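Accompanying notes for the structure given below.
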2 protein chains.
Amino acid sequence: MNSFQFHNPTRIVFGEGAADRIGELTSSFGKKVLLVYGGGSIKKTGLYDRAVKQLNDAGITFYELPGIEPNPRLSTVNKGIGICRDNGVEFILAIGGGSVIDASKAIAAGVLYEGDVWDFFTDKAVIQQAMPIGTVLTLAATGSEMNGSTVISNWEEKLKRGAGSPHLFPRFSILDPTLTYSVPRNQTVYGSIDIMSHVFEQYFSLTENTPLQERFCESILQTVIENIEPALANPNDAAARANLMWCGTMALNGGQISLGMVNDWASHGIEHEISAIYDIPHGAGLAVVFPNWMRYVYKQRPGRFAQYATRVWGIDPAGKSEDELALAGIQATRDFYTRIGAEARLADFGIGDDQLDRMAEEAVRYGPIGNFKRLEKDDVREILRMCL
Amino acid sequence: MNSFQFHNPTRIVFGEGAADRIGELTSSFGKKVLLVYGGGSIKKTGLYDRAVKQLNDAGITFYELPGIEPNPRLSTVNKGIGICRDNGVEFILAIGGGSVIDASKAIAAGVLYEGDVWDFFTDKAVIQQAMPIGTVLTLAATGSEMNGSTVISNWEEKLKRGAGSPHLFPRFSILDPTLTYSVPRNQTVYGSIDIMSHVFEQYFSLTENTPLQERFCESILQTVIENIEPALANPNDAAARANLMWCGTMALNGGQISLGMVNDWASHGIEHEISAIYDIPHGAGLAVVFPNWMRYVYKQRPGRFAQYATRVWGIDPAGKSEDELALAGIQATRDFYTRIGAEARLADFGIGDDQLDRMAEEAVRYGPIGNFKRLEKDDVREILRMCL
């Protein structure tokens, strides 16, 4: 276990009916608010009207930034920064999933920065301050509701990049599992795979002596695996939706489950290059990339993959070599993803091999990626080729 | 899973050498500090000199409250309140284990309260504010370093009571596992049992649908069980000491592992009555009480105890009824405690049956205790009798 620091100031308000506290919690931070949301599903479900009523009742003046894209775009972030500056906005309220929250964080950092907000995503500048934000989560997936990270796509340059800062932790996050009852089947699948992928990035680590952290990771993986199919079979399954939502938050809340471990994040880097060009859902890309990344890297520490196979998937180790066990666990992952309806290949999205070189090049733009195995351009291209 | 709120603002600084940051972290909160510590072990180990040098180097004026008792006393807390008031102290630095931290929290709340600080422990008043405190942990056990709870003994009235408030979360806690290398064998045992007991209070719950929370609990229990004996065999085992320390913090950091679960806390209530009269170590009392509490209550939900037996102790369920499995898990707990050197009976401390009635009476002074099974006076007396 390595040394670490941990501080997570986000206040979580979890449970059925938590969304009735939007007005109360928001009003303690400001009376001029930017309301950020996505493609309109919150209007269909009635959540928009519910939030607007609470904001009005609390005497809050609010401006709106609708239409956040599934891979939120820099141009939209800049639009939000403009609205905040023009109107003296004091607080940003994000209602949606990871894209909406990430866009809101970027806006929060950009408003108080004189330069181009994209500087934060290209390591040209460090976030020194940010406006306060709060979130109302509508999709179990991101973890962004309880961490200081954001990922934004620069569509003009076909780049998707992350930034992070302690200033970006939401002041509060409302986690009301009933808001996820209306999440469509494919988004439930992709969101759950996103959660599992966040755990994988932490769990497959070369750091020694992290037994508690490993078990926390396995706990989330097992719980997600148990709850996806009940949620798919009955979208209003209160227990399954609550479990998936809490797993999503715990999977990526400032790295708490893996403190003192070196994380990997190569697969996210590779997926970002795919969705930066092809705009496929993040979780869908991860479902394709991760099993192939696993096959490519497992020999770095086959014991961790063997442990994963036995503890998470319950695979009997009897008569199997460590490598066989490791590969069985990887195959179990792929089989499960296929069973719940996630695509296995880039070809399923009509993606061919014509951009492989460019994606590999971009992935290592700032140097090799990943820590479990450091991946050079050729490694990334090979993993992408395996994904075809 | 029930609805919940969660907010834990404590900053954790974990790792070898973290204790070199005492001066830096303290000085960001004030220049007049009360230094609280225990019986002098920090002088023997050199930690006192190390802290004093850092405080001096940081230009901090500090006052001292040494001699905090293993069960910290109200009289000592009042002494600390007096020192703070007389000298305009701005920040309290607790260097020690749970007793020192708990005393510091009580002082922090008492300084800013006009009435008797004991009011907070008898539900006569609610903590509305507190001075900021920071901690340097020297014993893996309490969890107090990352939560808002404190337990104090009123020696005159032979009462031991708890209080809690969001205002009592330490602003920072330094967790340097090397500081625990010098912890004696028996305190390592009792501290580890304290950690396990904190988990038991959360894990044995009647709340439905908490699979992630249960696994988090089991993760800590398994990790503590794995690491106690290595730490006893080699007190300088860096890995074991680090794991025990992190388990202790995660076991009781504002209830994070069991959010949405109803907790029990009857065994702690019973143990408090024992140590309020006999002043035995908290962990030693819990080692006696918990297995007996388990036997007394397991029929409320034998399935949870059966799960405990299989998942935590690896007991093969084949051919066993649920009750048999539950009892095997309880016996495994007792056997393990005995193997690591914890006393099994109150008689081992020279405690007889003469105060049973008084302890039972006091335990239910404010009504029945516990939630897994509500315990009336007769139940408590019976559990105490089983402990004799």
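Remember, predicted model here, so these are calculated numbers, not experimental data.
B:Pro211 and A:Glu226 get closest at one heavy-atom pair: CB-OE1, 4.1 Å. Shortest non-hydrogen contact noted between B:Leu212 and A:Cys247 is CD2-SG, 3.9 Å. Closest approach of B:Arg215 to A:Ser219, counting heavy atoms only: CB-OG, 3.3 Å.
Residues A:Phe4 and B:Trp246 bring their aromatic ring centres within 6.0 Å.
Among B:Val13, B:Asn243, B:Leu259, the residue making the largest number of heavy-atom pairs under 4.5 Å with chain A is B:Asn243. The choice from A:Ala239, A:Gly15, A:Pro177 that makes the most heavy-atom pairs within less than 4.5 Å of chain B is A:Ala239. Interface remark: of the candidates A:Asn227, A:Thr223, A:Ile257, A:Ile220, A:Thr223 forms the most heavy-atom pairs closer than 4.5 Å to chain B.
At least one side-chain heavy atom of B:Gln256 sits less than 4.5 Å from a side-chain heavy atom of A:Met250. Under the 4.5 Å side-chain criterion, counting only non-hydrogen atoms from C-beta, B:Gln5 is in contact with A:Arg21. Looking only at side-chain heavy atoms (C-beta outward), B:Thr10 and A:Phe6 stay at 4.5 Å or farther from each other.
For B:Glu214, no part lies under 4.5 angstrom from a heavy atom of chain A. Heavy atoms closer than 4.5 Å to chain A are found nowhere in B:Glu208, neither backbone nor side chain.
Side-chain atoms of B:His7 do not come within 3.5 Å of backbone N or O of A:Ile12 as any donor-acceptor pair.
For A:Glu16, the CD atom sits in a loose shell: 12 or fewer heavy atoms of surrounding residues, nucleotides or ligands are nearer than 6.0 Å.
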